[in-house]
Amino acid sequence: MKKEIVDVLVIGAGPSGSVSAAYLKKNNIKVKVIEKCKFPRYQVGESLIPRCMDNFDEAGLLTCLKKQGYQKKHGARFIKDDAEGIFDFSKKHGEGWDWTWQVPRDHFDKTLTDELLSKGVLIDFETEVIDVNFFDQHSITRVKHKDGTETDIKAKYIIDSSGFGRVIAKQLGLEATPKIAQHGSIFTQVNDINRPKGAEGTLITFEIIDTEVWFWYIPFSNGNTSIGFVGPMEWIQSFKGSNSEILLQMMETSKHYKEQFRDIPYLFEPYKVENIAKNVTKLHGNGFVLTGNSAEFLDPVFSSGVSFATESGLKAAKLVIKELNNEHVDWEEDFVTYMKKGVDVFSTYVKEWYSGNLQKIIFHKNSNEVIKAQICAVLAGYVWDETNPFVKKHNRLVRNVAKLIEMEEKMAD
């Protein structure tokens, strides 16, 4: 049995694990990454939000990403019948990035891992974690390589960034009931030969089919476009046939995009994901911390997944370094409470999206520009900025503004 010793073992080489590993290496920590898949590989989560850029920059990964020519994302559009709501990140409340990217994740994630390898980070691809045991001062993780051989890796700390693989959560029985109502999704990519010219063809768009059902349009700079539907599980399950047949039926519900994609073949058989939201009973323990989707995933509606993944990956790496330097770390306060603040804000916006309240604000004809800028900052991922009333009072303001709009519309009638 081969044996290895590292300071930190990172499980998963997606954006969360890559940010963790890059920051650890930058600070001279001996780190190793274990990744179950072979890269490049398909992955959903193609639309980023500006807060990600801060995290990639601090981890030292932004320069390599800027060279790739990904489609720039300056905001987002929401449409419902003839109504339209456009959010421009340059007009958001507060400081921070006013653009980001829309990316094919197979290329994007491989760009990150190629950069890690160039920095000297050890990555074992096509390697699966089969067992983890924790002791007082270390852990032993047994992994199985693609050739069938096994290795025991001794580490002082494990950062689990395994995404929906949720390695530690499954090993230790940490799965919990999600905070968000369960929805499903079906999605694929197409060669977007009918893409409109100019800004229209580059703008990420969310088309509302019904209050809880929506369609995404995410165009990439390589000419391909990601398309998909999200809705309650009963809506997803009401369609019959293969995933391709189901998506074709769903496309008929899209007033805005059905003709653009009529008779356009899918680049691969659509994926179907049931019960999107995930949660755990705890985010850390003796010798481990959970980051990204391995900890919690809300809903894809505002593209928060990669933002929380990189935020938690960077925060975990910083705290692990402190602990390795024998500095005191209060994981509950410094990690759990911090991440929970951001998750709680975004949870409110996801819930109020599906309740219809946020949609009333987005599509209000006489929108208040100050309110719109504050909501835009939330959609950009700046959910820890308590100078923003729609962050500080998130659990009340969305509902209250929606009620005011209802009253205004009734008076207008």
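Note that the numbering runs from 1 along the sequence shown for the chain.
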Are any side-chain N or O atoms of [X] and backbone N or O atoms of [Y], one a donor and one an acceptor, separated by less than 3.5 Å?
{"X": "Q102", "Y": "E46", "answer": "no"}
{"X": "D124", "Y": "T127", "answer": "no"}
{"X": "N224", "Y": "Q189", "answer": "no"}
{"X": "T202", "Y": "A199", "answer": "yes"}
{"X": "S226", "Y": "I218", "answer": "no"}
{"X": "K170", "Y": "L174", "answer": "no"}
{"X": "N368", "Y": "I371", "answer": "yes"}
{"X": "S185", "Y": "F229", "answer": "yes"}
{"X": "N27", "Y": "Y23", "answer": "yes"}
{"X": "E245", "Y": "S242", "answer": "yes"}

Report the C-alpha distance between F108 and Y70 in whole Å, list the side-chain angles of each, state the deciding distance to 0.1 Å, and finish with yes or no for ring-ring contact (aromatic ring centres under 6.0 Å, His included). CA-CA 9 Å; F108 183 82; Y70 296 126; 5.7 Å; yes
Decide, yes or no, whether a salt bridge links [X] with [Y] under the criterion of side-chain N to carboxylate O below 4.0 Å.
{"X": "E150", "Y": "K2", "answer": "no"}
{"X": "E126", "Y": "K36", "answer": "no"}
{"X": "D98", "Y": "K91", "answer": "no"}
{"X": "K315", "Y": "E311", "answer": "no"}
{"X": "R77", "Y": "E84", "answer": "yes"}
{"X": "R399", "Y": "E352", "answer": "yes"}

I want to check something: taking the side chain as every heavy atom from C-beta on, are [X] and [Y] in contact at a cut-off of under 4.5 Å?
{"X": "V383", "Y": "D385", "result": "no"}
{"X": "V6", "Y": "I29", "result": "no"}
{"X": "D7", "Y": "V31", "result": "no"}
{"X": "H107", "Y": "P40", "result": "no"}
{"X": "V213", "Y": "Y354", "result": "no"}

What do you reckon, is [atom1] of [X] surrounded by more than 12 foreign heavy atoms closer than 6.0 Å?
{"X": "Q137", "atom1": "CD", "value": "no"}
{"X": "N325", "atom1": "CG", "value": "yes"}
{"X": "E327", "atom1": "CD", "value": "yes"}
{"X": "K258", "atom1": "NZ", "value": "yes"}
{"X": "K26", "atom1": "NZ", "value": "yes"}

According to salt bridge (Lys or Arg N to Asp or Glu O under 4.0 Å), who are the partners of K318, at least two apart in sequence or on a separate chain?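 Salt bridge (Lys or Arg N to Asp or Glu O under 4.0 Å) check on K318 returns E58.
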Holding to salt bridge (Lys or Arg N to Asp or Glu O under 4.0 Å), I want the full list of residues that pass it with D106, two or more places apart in sequence or in another chain.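 Counting only residues at least two positions away or on another chain, D106 forms no salt bridge (Lys or Arg N to Asp or Glu O under 4.0 Å).
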Just checking, is any N or O donor in the side chain of [X] or [Y] under 3.5 Å from an acceptor N or O on the other one?
{"X": "H145", "Y": "T151", "value": "yes"}
{"X": "T205", "Y": "H256", "value": "no"}
{"X": "Y257", "Y": "T225", "value": "no"}
{"X": "Q71", "Y": "N222", "value": "no"}

Determine, stepwise, if the pair K110 / E115 fulfils salt bridge (charged side-chain N to carboxylate O under 4.0 Å, His left out). CA-CA 8 Å; K110 189 172 188 303; E115 183 68 9; over 6 Å; no
Might you work through the side-chain contact (heavy atoms from CB on, under 4.5 Å) test for I140 and F135, ending with a clear yes or no? CA-CA 8 Å; I140 300 291; F135 304 92; 3.6 Å; yes
Measure the spacing between [atom1] of [X] and [atom2] of [Y] and express it to the nearest 0.5 Å.
{"X": "S139", "Y": "I153", "atom1": "OG", "atom2": "CD1", "answer": "9.0 Å"}
{"X": "M250", "Y": "N243", "atom1": "CE", "atom2": "CG", "answer": "9.0 Å"}
{"X": "L379", "Y": "F346", "atom1": "CG", "atom2": "CZ", "answer": "6.0 Å"}
{"X": "D131", "Y": "N133", "atom1": "CG", "atom2": "CG", "answer": "4.5 Å"}
{"X": "K240", "Y": "Q249", "atom1": "NZ", "atom2": "CD", "answer": "10.0 Å"}
{"X": "Y217", "Y": "R195", "atom1": "OH", "atom2": "CZ", "answer": "5.0 Å"}

Looking at the rings of [X] and [Y], which for Trp means the six-membered one, are their centres under 6.0 Å apart?
{"X": "Y382", "Y": "H93", "result": "no"}
{"X": "F363", "Y": "F78", "result": "no"}
{"X": "F187", "Y": "W216", "result": "yes"}
{"X": "F39", "Y": "F125", "result": "yes"}
{"X": "F268", "Y": "Y42", "result": "yes"}

Once you measure the plane-to-plane angle for W97 and W99, does it fall in the parallel (<30°), tilted (30-60°) or perpendicular (>60°) bin?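 Perpendicular.
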Just say parallel, tilted or perpendicular for the rings of F308 and W384, cut-offs at 30° and 60°.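 The arrangement is perpendicular - the two ring planes meet at more than 60°.
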Option passing side chain to side chain contact (heavy atoms under 4.5 Å, CB included) with V167 (candidates I34, L172, I130, V129):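 Among I34, L172, I130, V129, the one that satisfies the side chain to side chain contact (heavy atoms under 4.5 Å, CB included) with V167 is V129.
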How far apart are the C-alpha atoms of E269 and T188, what are their side-chain angles, what is the distance that settles it, and do they pass the side-chain contact (heavy atoms from CB on, under 4.5 Å) test? CA-CA 7 Å; E269 179 70 7; T188 188; over 6 Å; no
On the ring face of W101, is K73 found with NZ or CZ under 6.0 Å from the centre and within 45° of the axis?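 No, K73 does not sit over the ring of W101.
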With a distance cut-off below 6.0 Å to the six-membered ring centre and an angular limit of 45° from the axis, does K372 pair with F87 as a cation-pi contact?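 Checked: cation-pi criterion met.
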For side-chain contact (heavy atoms from CB on, under 4.5 Å), just list the numbers for Y266 and I227, CA-CA rounded to whole Å, side-chain angles, deciding distance to a tenth of an Å, and then say yes or no. CA-CA 10 Å; Y266 300 143; I227 59 174; 4.1 Å; yes
side-chain contact (heavy atoms from CB on, under 4.5 Å) assessment of M233 paired with E274: CA-CA 7 Å; M233 285 309 305; E274 299 183 352; 3.4 Å; yes
Working note: Y157 + H138, criterion ring-ring contact (aromatic ring centres under 6.0 Å, His included); need CA distance, chi angles, decisive distance, verdict. CA-CA 7 Å; Y157 226 95; H138 69 276; over 10 Å; no
Do E323 and H328 pass the side chain to side chain donor-acceptor pair (under 3.5 Å) test, and can you show the C-alpha distance, the side-chain angles, and the key distance before you say yes or no? CA-CA 6 Å; E323 192 151 293; H328 174 70; over 6 Å; no
